[in-house]
Protein chains: 2
Amino acid sequence: MKSVTLKDLSKYLLLSTSTVSRALSGDKNIRKETRDVVLDAAQKLGYKPNLIAKNLKLGRSFSIGVIVPEMVTPFAAKVIEGIQQTAVLKGYRVMVAQSSEDPEIERKSLLMMKEFHVDGIIMSMCHKTHNIDLCVEFQESGIPIVLYDRIAPSLKVPKVIVNDYEGAKAIVEHLIKSGRKNIVYLQAPDYIYNATERLRGYQDALYQFDLKFDSKLLVKTKLTFDGGMKAAKKLLKRNIEFDAIFAFTDTMAIGAMNYLREQDISVPKDVAIAGFSGTELSTIVYPKLTTVEQPLHDMGVEAANLIIQQLEKNLKTEKIVVFDTKLKIRDSTC
Amino acid sequence: MKSVTLKDLSKYLLLSTSTVSRALSGDKNIRKETRDVVLDAAQKLGYKPNLIAKNLKLGRSFSIGVIVPEMVTPFAAKVIEGIQQTAVLKGYRVMVAQSSEDPEIERKSLLMMKEFHVDGIIMSMCHKTHNIDLCVEFQESGIPIVLYDRIAPSLKVPKVIVNDYEGAKAIVEHLIKSGRKNIVYLQAPDYIYNATERLRGYQDALYQFDLKFDSKLLVKTKLTFDGGMKAAKKLLKRNIEFDAIFAFTDTMAIGAMNYLREQDISVPKDVAIAGFSGTELSTIVYPKLTTVEQPLHDMGVEAANLIIQQLEKNLKTEKIVVFDTKLKIRDSTC
DNA sequence: CTGAAAGCGCTAACAA
DNA sequence: TTGTTAGCGCTTTCAG
């Protein structure tokens, strides 16, 4: 089942391959009639360009690499969906790898992407500095990079993020307004960019309502259900008084919430819980989780557009696209 | 930042490109010394083979397409992880697309995969017949296909599945043994292969315990949280008496469970709930969900191996690999 | 406006 | 054991 090639087409039409190629690629140096003839024949013979050959010739692979930290939650899936949709529409394929929150795996994935000659890379970094050197190297060797969500602020590349500061501030304000005084912030490790942004939002919300910031209410933990659980455990064990938790991610929030419930602490009566992400997860747990919703699909679309822009126009930007978030108040707070 | 090519290498070594190529590819027709020299030089100059060129020459793309029905749950992610890991190890890249449970999107994805010249396809079909024609066509045109989980029984391709019948039977037995008499089966639409297998397990478990099968307890619904919810709603509205639900997927089980709770029906006291899949979702909901766990990662590994086997050995099998499931009893049943 | 020819980087006959 | 050569399917100068 050999597929029909440009050569076949040119033989059939008694034209040169170059003419056929030009017709197909919409070159202006061609008579309209010949163009139409070629297009018709291509249609009829079922001609499909061989991307591999095209790639070799053009030195591009028409593929975009995506590296995400995890895929346990629908977070990445939603973004990838947006990327995929946009990319395929413009003739790019998408290759996904997950770092599993391990900077070394992330590094290997980057290297792999290079070996596979992806044209560009979209990445959410599991560590804000660890692989910066590679990213710079890639940039310099002509592989553009776009960062989203978990970015490295120092890297001079386009970025797609949400307003972490505002989102965090809004949700903490909501907690305060509903009468909470001792609000824990379940923080992510420092090597995650957004962690500090959301901390700022948390602190400013407190200040604004004349609540003082208490570092005992700051618990650093891993970005997992388990991390959230352990953090809650630690809080109880240390006998720290708190009536609300704002967690860096929904996952952590859910982990904490489930642990508290197991200890017969009522959510939201005793402790209100709020997260950040806004994936489907937040609506299937009990009670439903108050969270800051991010436009994940759109973020993916934007990231894809940014990378393709660089590819097509050879245009180096450092544009930062900031999406707004939406506060979703649900049963875990009141 | 041009990368070093075979030609560069051959010029540098004053050897022909073919010799260098042979050395690198581990051809036996080469003197050990020259081989070593070449390998050394390749290392030193940082030679990386250009896969695109290789692809064009060999008529292969060294990429594997994966088509999954959804990525909202970690189900697909786990399988993909297994596929990815195995594939990359053997020099293949993985390209993922999701059909979103829409056979037409699945079809488009298949076509896209072909356009991108993937060497083989791993797929979990959202509809057991809709795209069979394309699959057959692909097979015949030399693109091998491996099916997993949601298979099409009639397709003569390798398949990776779990023992749906046994898994379903075991979990329903567990429900019966814990005193449940009126067990609902939330069934998936008929166009999903496993739906009928699990139904068989359900029925046989009933028969075995002399419970009669009541078709009123069979509710067909969509494979989503929402589907589960609506099914539960329907059951209540119809005033059907039931003390347990066995759902086709965890997602559906969770949807139903959440709805019942909202109606102040206690799980597991009034109604026990069990699912099928065994992803992390089942452990983060409240109460934790009893489910049939599938070895998703291993299924991915196996699927990747099966496709690569066909690719490398040009070996057409129709091997069906059946994995065992594990019954995970949690708080949603007792 | 069209054709001839070269070449992207690699592999694999075929020769030597 | 090594080199020569052709060619995978396509684009793109350069001539005509």
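Protein chains get the first letters and strands the later ones, always in sequence-line order, with residue 1 at the start of each.
Side-chain atoms of Gln98(B) and Glu81(A) form a donor-acceptor pair, as typed in the model, at a separation below 3.5 Å. Checked by atom type, the side-chain pair Ser16(A)/Thr19(A) shows a donor-acceptor distance below 3.5 Å. Remark: the Lys44(B) side chain and the Tyr12(B) side chain contain an N/O donor-acceptor pair separated by less than 3.5 Å. Side chain to side chain, Asn55(B) and Arg60(B) fail the donor-acceptor criterion of an N or O pair below 3.5 Å.
Asp119(A) places a side-chain N or O within donor-acceptor distance of the main-chain N or O of Phe62(A), the cut-off being under 3.5 Å. No donor-acceptor pair under 3.5 Å is formed between the side chain of Asp298(B) and the backbone N or O of Pro295(B). For Asn131(B) (side chain) and Pro103(B) (main-chain N/O), a donor-acceptor pair under 3.5 Å exists by modelled atom type.
Between the CZ atom of Arg31(B) and the C1' atom of dT1(D) there is a distance of 8 Å, given to the nearest Å. Residue Leu56(B) contributes atom CG, which lies 14 Å from atom P of dG7(D) at whole-angstrom precision. In this entry the distance linking NE2 of His117(B) with P of dC10(D) reads 8 Å, nearest Å. Separating the CG atom of Leu51(A) from the P atom of dC8(D) is a distance of 18 Å, rounded to the nearest angstrom. Taking atom CD1 of residue Ile52(B) and atom P of nucleotide dG9(D), one finds them 16 Å apart after rounding to whole Å. Distance NZ (Lys7(A)) to P (dA4(C)): 13 Å, rounded to an integer number of Å. At whole-Å resolution of the value, CG in Asn55(B) and P in dA12(C) are 13 Å apart. Note: CG (Leu9(B)) to P (dC10(C)) measures 9 Å, nearest angstrom.
Using a 4.0 Å cut-off between charged side-chain N and carboxylate O, Lys108(A) and Glu115(A) make no salt bridge.
In terms of position along DNA chain D, the nucleotide closest to Val20(B) lies nearer the 5' end than the nucleotide closest to the other residue of the pair Ala53(B) and Val20(B). Closest-nucleotide positions on DNA chain D for Lys48(A) and Ile30(B) were compared, and the one nearer the 5' end corresponds to Ile30(B).
Looking at heavy atoms from C-beta onward, Val321(B) lies out of side-chain contact with Lys159(B) at the 4.5 angstrom threshold. Between Val157(A) and Pro144(A), the closest side-chain pair of non-hydrogen atoms is not below 4.5 Å.
One axis for each end of the helix from dC1(C)-dG16(D) to dA16(C)-dT1(D), each built from five base pairs, and the angle between them comes to 40° at 10° resolution.
Between His127(B) and Tyr191(B), the angle of the ring planes stays under 30°, which puts this pair in the parallel group of the 30/60° scheme.
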Item to check | Heavy-atom protein contacts under 4.0 Å, nucleotides 11-16 of chain D, coded B base, S sugar-phosphate only, - none | outcome: BBB---

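If you check residues 32-41 of chain B against DNA chain D, the residues with a heavy atom closer than 4.0 Å are Thr34(B), listed by number.
Across all strands shown, Asn50(B) has heavy atoms under 4.0 Å from sugar-phosphate atoms exclusively, and none from any base.
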